[in-house]
Participant: 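Once you've had a glance at the structure underneath, I'll fire off some questions.
Any value given below was found using the heavy atoms of this structure, including those in side chains, with hydrogens, waters and symmetry copies removed. Counting convention: from 1, in listed order, for ligands and their atoms alike.
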Amino acid sequence: MTGVHMTDTLDRDDVARTLDREHAEARAQAEARRQERAALAEDGAEAPAPRRGWRDFREAQHFQHAYLSIGPAQGALLYMLARAAGARRIVEFGSSFGISTLYLAAAAEDNDGHVIGSEYYANKREHALANLRDAGLAQRAEIRLGDALETLGDVTDPVDFVFLDGDKSLYLPVLECLLPSLAPGAWMVADNLDHFDETPGDFRHEILRDPRFTSRLIPVGRGMFSVSRHRG
Ligand SMILES: C[S@@+](CC[C@H](N)C(=O)[O-])C[C@H]1O[C@@H](n2cnc3c(N)ncnc32)[C@H](O)[C@@H]1O
């Protein structure tokens with residue numbers, strides 16, 4: 001058979017092994033937390049956490065130690081989009097333990113590109129960097145430590161792929177901060193669009209009506225992505 005032979009970095013042993021391990025850890029942690037909350041609710045000690053909280057990301061414990069990561073179906077879509085876009089300069093808002101960063105770095109490996117991630121907590125950044133090393137992708141990504149509104153402020157153009165997954169109330173300010181660096185035709189994916197009510201001023205309302213982008217909502221896995229293309 002003739003044709004173009006391409007390899008998927010996502011299939012590489014070191015990448016697949018690291019992702020399998022991290023997804024398993026994330027699932028186990030989420031299940032343990034669910035059981036903890038259910039037990040507390042049963043004791044009447046604490047009401048179950050509201051599904052659509054807007055808690056500040058600087059509240060330790062929950063945000064500092066929880067994976068809060070995308071699932072494998074979302075990761076696969078993110079990887080395929082970044083790869084298909086030929087993205088070489090990729091920016092991520094909210095890296096956590098680096099699961100999504102691994103998918104983006106795998107696409108960067110295929111595209112000869114680079115990921116600039118961002119994370120507020122130092123322990124999470126360390127864990128994410130260790131994952132990138134385990135997956136043999138350390139040279140494809142950096143993760144900036146601190147508030148992304150500051151750390152992503154000096155990202156230089158042209159950015160051709162953005163993934164938003166940090167504090168939901170900061171999606172719009174982070175987007176405005178990155179806008180001058182976006183290449184014409186740049187792609188932007190945001191997670192958790194099901195957490196927004198689509199009322200004026202929220203990200204879902206604004207991105208679907210923003211003339212600078214064409215956007216679609218795509219339910220995937222247990223969540224919902226928005227996928228937007230900068231009209232440039
Ligand atoms: C939903 S999790 C990200 C999960 C990750 N994208 C993944 O799929 O593996 C959100 C992360 O964003 C971080 N975060 C939230 N607001 C931030 C900010 N302003 N600057 C940097 N990190 C932030 C939180 O600490 C948390 O680790």
Participant: Please assess Arg12 against Glu109 for the test salt bridge (charged side-chain N to carboxylate O under 4.0 Å, His left out), listing each intermediate value before the final yes or no.
Facilitator: CA-CA 11 Å; Arg12 226 170 61 187; Glu109 175 84 356; 3.4 Å; yes
Participant: Is the distance between the ring centroids of Tyr171 and Phe196 under 6.0 Å?
Facilitator: yes
Participant: Given salt bridge (charged side-chain N to carboxylate O under 4.0 Å, His left out), test Arg88 with Asp112 step by step and report yes or no.
Facilitator: CA-CA 6 Å; Arg88 298 192 64 197; Asp112 193 20; 3.4 Å; yes
Participant: Is the shortest side-chain N to carboxylate O distance from Glu36 to Arg33 below 4.0 Å?
Facilitator: no
Participant: As a test of reading the model: which N/O atoms of the protein lie under 3.5 Å from N/O atoms of ligand 1, and at what distance?
Facilitator:
{"residue": "ligand 1", "atom": "6 (N)", "partner": "Gly94", "partner atom": "O", "Å": "2.9"}
{"residue": "ligand 1", "atom": "6 (N)", "partner": "Ser100", "partner atom": "OG", "Å": "2.7"}
{"residue": "ligand 1", "atom": "6 (N)", "partner": "Asp165", "partner atom": "OD2", "Å": "2.8"}
{"residue": "ligand 1", "atom": "8 (O)", "partner": "Ile70", "partner atom": "N", "Å": "2.9"}
{"residue": "ligand 1", "atom": "8 (O)", "partner": "Ser100", "partner atom": "OG", "Å": "3.3"}
{"residue": "ligand 1", "atom": "9 (O)", "partner": "Ile99", "partner atom": "N", "Å": "3.4"}
{"residue": "ligand 1", "atom": "9 (O)", "partner": "Ser100", "partner atom": "N", "Å": "3.3"}
{"residue": "ligand 1", "atom": "16 (N)", "partner": "Asp167", "partner atom": "N", "Å": "3.3"}
{"residue": "ligand 1", "atom": "19 (N)", "partner": "Asp147", "partner atom": "OD1", "Å": "2.9"}
{"residue": "ligand 1", "atom": "20 (N)", "partner": "Gly146", "partner atom": "O", "Å": "3.4"}
{"residue": "ligand 1", "atom": "20 (N)", "partner": "Ala148", "partner atom": "N", "Å": "2.8"}
{"residue": "ligand 1", "atom": "22 (N)", "partner": "Tyr120", "partner atom": "N", "Å": "3.1"}
{"residue": "ligand 1", "atom": "25 (O)", "partner": "Glu119", "partner atom": "OE2", "Å": "2.7"}
{"residue": "ligand 1", "atom": "27 (O)", "partner": "Glu119", "partner atom": "OE1", "Å": "2.8"}
{"residue": "ligand 1", "atom": "27 (O)", "partner": "Glu119", "partner atom": "OE2", "Å": "3.3"}
{"residue": "ligand 1", "atom": "27 (O)", "partner": "Lys124", "partner atom": "NZ", "Å": "2.8"}

Participant: Using the rule given for ring-ring contact (aromatic ring centres under 6.0 Å, His included), can you reason through Tyr79 versus Tyr103, listing the C-alpha separation, both sets of side-chain angles and the distance that settles it, and then say yes or no?
Facilitator: CA-CA 5 Å; Tyr79 168 79; Tyr103 286 98; 7.4 Å; no
Participant: So for atom CG, which belongs to Asp13, do other residues, nucleotides or ligands contribute more than 12 heavy atoms lying within a distance under 6.0 Å?
Facilitator: no
